[in-house]
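Report on one structure; see the data block that follows.
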There are 2 protein chains.
Amino acid sequence: MFVRITTDPTRRPNSLRDLGMTSCSNPTVSLSEFSYKKGTEIYGEKEAAEYVYQVKTGAVRSYKLLSDGRRQIGAFHLAGDIFGLENGDSHRFTAEAIVDTTVRLIRRQTLELVADIDPVVANNLLNMTTNNLQHAEDHMLLLGRKTSLERVAAFVLEMDQRLTGAGVIALPMSRRDIADYLGLTLETVSRALSRLHELGIIAFLGTTQRQIVLSDRQKLAIIDLQG
Amino acid sequence: MFVRITTDPTRRPNSLRDLGMTSCSNPTVSLSEFSYKKGTEIYGEKEAAEYVYQVKTGAVRSYKLLSDGRRQIGAFHLAGDIFGLENGDSHRFTAEAIVDTTVRLIRRQTLELVADIDPVVANNLLNMTTNNLQHAEDHMLLLGRKTSLERVAAFVLEMDQRLTGAGVIALPMSRRDIADYLGLTLETVSRALSRLHELGIIAFLGTTQRQIVLSDRQKLAIIDLQG
DNA sequence: CGTTAACTTGACCAGTGTCAAGGAACGTGG
DNA sequence: CCACGTTCCTTGACACTGGTCAAGTTAACG
């Protein structure tokens, strides 16, 4: 189940800009790519944080486990998202590819050296961490105080926003993944989606269960009860 | 219920070091103090973030509300803790004094100016944000996947750790505050504490309900089910 | 096309929430 | 220092949301 990086993934000179960084000095740093098959681990919790990652294609889940196997997914990482950025020197989540996924990597050490010199890069690191913090804060409210229907509505809205906002979403993750993200069981997620379907608020595209149309974004937002 | 700062709280030249910052340039910046009565608001959600705060004495709760009044406390801030540090320009939580509280303040702008010049200060800001992120990540696991007894055990352990770790804690917050922090009701918190008491794992000091003795830290840790 | 994994739905159950009552602690003013 | 009112806390009875278990269906994939 483990897929380790065996070849040193340090080819292809490239720019920090590709990781969403802007910099006045804008030095060329080494970037490379790596692919993970569906279901494989990218890094484990408490493992040394050697790289920072950016999803090129695919999707990734970051989660923590309790000793008896209960799982809490802290975030999904979609195309373009950066993940695995740690300030301490080990990862605080396990990261797995949800589907076949290609990521760009940058050595963490490289990034840190640049950040020490370039205040713009340093500021970008702080911004990314702040964005992660804000997401976690909002998610605490969801996990602590929202009902199952509110959680699922919030999830659909979040995914729509992050996947183009076109009102049609193709979810890469299973009902179980959604459940572990929302602090529910997969059955409860399924029932909530059915309920939203009955209410005419969402629809399923074609024959599949993972393509969802937001028929009534307004009602979704009302159910979500934001703030 | 609102207590606004009416006098400009900018007296007493002091050092960044007092806010836990170390710096090579270590410039003198303006610091001042302010006191809040029990139950008063320090700042509101979405309010402009003009100051960063450090608890000198007392305790503070940071929370978000849903429109129907459900509350999620994201963190408690105890003596020495820094809070209200935002990267964006408005606060993401409401902060209230739990008991009569004195805080030190520093203008956010001042801090930012120094951070731009001094990479050590900038790094401290990143460290503080990372610590907040880590706490939020752990709390998501608690809110999403732990039982009521596990949550309360985790809470008692956290408070013990943060209040000296002596095994005797004097809680500043009510059962309702604890409940809103743990994503439970106050009744469930009360029942869980009674249960821990029955099991001989905690005891109550004297006549009060807010002073707790950790009689068996080991069993608490087992119930908490960490990781 | 067959096998397997994922999803839905139903019946039942358990853990937490709700509502209510009573008691303990705390603050206030006499 | 005491009496009173208020707030906080505990406990019980009951309700209900969401979890568990199980069966059947649908979709995905070799």
Side-chain angles (χ1 to χ4, degrees), chain A residues 37-39 61 66 68-72 98-100 142-153 155-156 170-199 202-212 223 225, chain B residues 1 37-39 61 66 68-72 98-100 142-153 155-156 170-198 202-212 223 225:
Chain A
K37 285 242 173 67
K38 175 178 173 175
R61 58 181 169 243
L66 290 176
D68 62 358
R70 278 173 282 173
R71 183 178 70 158
Q72 178 62 44
I98 296 174
V99 293
D100 290 358
L142 179 148
L143 293 171
R145 288 299 178 220
K146 290 189 180 175
T147 66
S148 61
L149 196 64
E150 289 165 356
R151 295 181 200 206
V152 172
F155 172 77
V156 172
L171 298 175
M173 71 289 285
S174 68
R175 299 292 189 260
R176 171 166 292 281
D177 286 337
I178 299 172
D180 286 348
Y181 178 60
L182 299 178
L184 300 168
T185 60
L186 66 92
E187 292 94 335
T188 299
V189 170
S190 181
R191 280 186 249 268
L193 286 171
S194 298
R195 182 102 185 282
L196 292 175
H197 182 53
E198 284 168 23
L199 293 169
I202 63 171
F204 296 94
L205 253 195
T207 173
T208 175
Q209 300 136 323
R210 294 199 186 174
Q211 279 164 260
I212 297 179
I223 291 175
L225 242 231
Chain B
M1 203 56 171
K37 286 241 173 70
K38 174 178 172 173
R61 56 182 171 242
L66 291 176
D68 63 358
R70 279 174 280 173
R71 183 177 71 158
Q72 179 63 44
I98 296 175
V99 293
D100 290 357
L142 178 148
L143 293 171
R145 288 298 178 218
K146 289 188 181 176
T147 67
S148 60
L149 196 65
E150 289 165 354
R151 295 180 200 207
V152 172
F155 172 76
V156 171
L171 299 174
M173 70 289 284
S174 68
R175 299 292 190 260
R176 170 166 292 283
D177 286 336
I178 299 172
D180 286 348
Y181 178 61
L182 300 178
L184 301 168
T185 60
L186 67 92
E187 292 94 334
T188 299
V189 170
S190 182
R191 279 187 249 268
L193 286 171
S194 296
R195 181 102 185 283
L196 291 175
H197 181 55
E198 284 168 23
I202 63 171
F204 296 94
L205 253 195
T207 171
T208 176
Q209 300 134 322
R210 294 199 186 172
Q211 279 163 259
I212 296 179
I223 290 175
L225 240 232

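All values below come from the heavy atoms of this structure, side chains included, with hydrogens, waters and symmetry mates left out. Labels below follow one simple rule: chain letters A, B, ... track the order of the sequence lines, proteins then strands, and each chain is numbered from 1.
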Open item on the list: Using whole Å, what does the distance between atom P of nucleotide C/dA25 and atom NZ of B/K38 come to?
Closed with: 16 Å
Task: Whole-Å gap separating C1' (C/dC7) and CD1 (A/I212) - done: 12 Å
- [ ] Write down the distance between CG (A/L184) and P (D/dT20), rounded to a whole number of angstrom.
- [x] 11 Å
- [ ] Find the distance B/Q209:CD to C/dG22:P and express it as a whole number of Å.
- [x] 19 Å
Open item on the list: Measuring to OP1 and OP2 of C/dG15, would you say a side-chain N or O of B/T147 lies under 4.0 angstrom away?
Closed with: no
TODO: Pick base, sugar-phosphate or nothing for A/R210, based on heavy-atom distances below 4.0 Å to the nucleic acid.
DONE: sugar-phosphate
TODO: Measure distances between side-chain N and O atoms of A/E187 and base N and O atoms of C/dC7, and say whether any donor-acceptor pair falls under 3.5 Å.
DONE: no
Task: Polar pair under 3.5 Å, donor/acceptor by atom type, side chain A/R191, base C/dG10 - done: yes
Open item on the list: Has A/E150 got a side-chain atom pairing as donor or acceptor with A/T147's backbone, closer than 3.5 angstrom?
Closed with: yes
- [ ] Kindly say if B/T207 contacts the phosphate of C/dA25, meaning a side-chain N or O under 4.0 Å from OP1 or OP2.
- [x] yes
Open item on the list: Can you measure B/H197 atom NE2 to D/dT11 atom C1' for me and round it to whole angstrom units?
Closed with: 14 Å
Open item on the list: I need the CE-P distance between A/M173 and C/dA6, as an integer number of Å.
Closed with: 14 Å
Open item on the list: Can you identify which nucleotide, out of C/dG17, C/dC7, D/dA28, has its nearest atom closest to the B/T188 side chain?
Closed with: C/dG17
Open item on the list: Heavy atoms from C-beta onward define the side chain here; which of C/dT9, D/dT10, D/dG19 lies closest to that of B/L186?
Closed with: D/dT10
TODO: Would you kindly give the CD-to-C1' distance between B/Q211 and D/dC8, to the nearest whole Å?
DONE: 15 Å
Task: A/T185 vs A/G206, nearer the 5' end of DNA chain D by closest nucleotide - done: A/T185
- [ ] Any chance you could measure A/I223, atom CD1, to A/L149, atom CG, to the nearest 0.5 Å?
- [x] 5.0 Å
- [ ] May I ask you to decide if A/Q72's main-chain N or O and A/D180's side chain share a donor-acceptor pair within less than 3.5 Å?
- [x] no
TODO: For the side chain of B/S190, starting at C-beta, report the closest nucleotide among D/dT11, D/dG18, C/dT16.
DONE: D/dT11
TODO: Taking all heavy atoms of A/L193 and all of A/I212, pick out the closest pair and write down the distance.
DONE: CD2-CD1, 4.3 Å
Open item on the list: So that I can tick it off, tell me whether B/R71 and B/D177 are bridged by a salt bridge, with the cut-off set at under 4.0 angstrom between side-chain N and carboxylate O.
Closed with: yes
Open item on the list: What is the distance, to the nearest angstrom, from the CG atom on B/D177 to the P atom on D/dT7?
Closed with: 15 Å
Task: Phosphate OP1/OP2 of C/dT8: any A/S194 side-chain N/O under 4.0 Å - done: no
TODO: Look at the side chain of B/R175 and decide which nucleotide, out of D/dG18, D/dA27, D/dT10, has an atom nearest to it.
DONE: D/dT10
TODO: Report which part of the nucleic acid B/G183 touches: base, sugar-phosphate, or nothing (heavy-atom distance under 4.0 Å, all strands).
DONE: sugar-phosphate
